[in-house]
Amino acid sequence: VETMPGPRPDAVQAHRGASALAPENTIAAFRKAAEQGARWVELDVALLGDGTLVVIHDVTIDRTTSGSGSLSDMRRSDLDGLDAGSWFDGRFAGEPLPTLDAVIAELGALGLNANVEIKQHAHHRSLDQLVQTVQTAIAQRAPQTEIMISSFDPEALRAMHTLEPELEMAMLWGRPPEDWEAQLATIPARTIHMHFKALSIGLLEETSKRGIQVRAWTCNNPVQLVSFWDAGLAGVITDDPSLFLP
Ligand code: G3P
Ligand code: MG
């Protein structure tokens, strides 16, 4: 039987959890990823106004919860009673908007590793507060839980690296800049996470030669990546990990 080239299971990350099948960035989405056999989830983190670190993509809760308003105007108690599931499907009614602490605890139980994407939001005035809060949360992880950090913000990667020099870091670029090699030399990351439509065999040859790993987001069709695995693509971030898992 001919099989399509594909990633190893460790190379598949569930984007915001298995967000094609459950509400993004919720425990339900991470549980679904684990059920599908994923070993890694990607999730987005941001601060509320009171410094609580939550798992959410947007800068407001409007799109992904029953509530409305900006993260910067919220505190931890405002999470009580929020429904982060119904917008996706009634079956997920009452699903909480989780803190990173709650997610880290659940990852251990689910046997998942996590790519924690640190969001750059205008209300994140203190980068030190942000990365220290991430550090405190991930310090609670189970011994078997692996964590990596990614961000579109090189400053966040630099600040995080100072606190946690052992963690794998990935620089996020939609399309890597022409001078990606020079830029990466100033960032403590040996990994690029980029949009899959900007991938090329030539880029993968250049990155491989230099010992730089590349993962591609957000791809939900294995055919689109088939030519890139043999060229050294290191991983995929997908809304539906089952598409890429054996
Ligand atoms: O980690 C890749 C991807 O999550 C970056 O884009 O907007 O989905 O967080 P976004
Ligand atoms: Mg993300």
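In listed order, ligands and their atoms are each counted from 1. Here, residue 1 is the first one in the sequence, and each next residue gets the next number.
- In terms of protein heavy-atom proximity, atom 10 (P) of ligand 1 is closest to His57 NE2, 3.4 Å.
- For the pair Val12 and Thr238, the minimum side-chain heavy-atom distance is below 4.5 Å.
- Considering backbone and side-chain N/O atoms, Lys119 comes within less than 3.5 Å of an N/O atom of ligand 1.
- Here the closest heavy-atom approach between residue Val41 and residue Gly17 is recorded as CG1-CA, 4.3 Å.
- When non-hydrogen atoms are compared, ligand 1 lies under 4.0 Å from neither the backbone nor the side chain of His193.
- His15 counts as a contact of ligand 1, since one of its heavy atoms falls under 4.0 Å from the ligand.
- Side chains of Gln183 and Asp179: a donor-acceptor N/O pair is present below 3.5 angstrom, by distance only.
- Summary of contacts: the protein heavy atom closest to atom 4 (O) of ligand 1 is Glu42 OE2, 2.5 Å.
- Between the side chain of Asn115 and the backbone N or O of Glu42, no donor-acceptor pair lies under 3.5 Å.
- Side-chain atoms of Asp62 and Ser68 form no donor-acceptor pair, as typed in the model, at a separation below 3.5 Å.
- For atom 5 (C) of ligand 1, the closest heavy atom belonging to the protein is Glu117 OE1, 3.5 Å.
- Under a 4.0 Å heavy-atom criterion, Thr218 is not in contact with ligand 1.
- Not one N or O of Asn115 is nearer than 3.5 Å to an N or O of ligand 1, by distance alone.
- Taking a cutoff of 4.0 Å between a charged side-chain nitrogen and a carboxylate oxygen, Glu106 and Arg31 qualify as a salt bridge.
- Heavy atoms of Gln13 stay at 4.0 angstrom or farther from ligand 1.
- Checked against Trp217 for a ring pair (Phe, Tyr, Trp, His ring centres under 6.0 Å), the options His195, His193, His15 give a single hit: His195.
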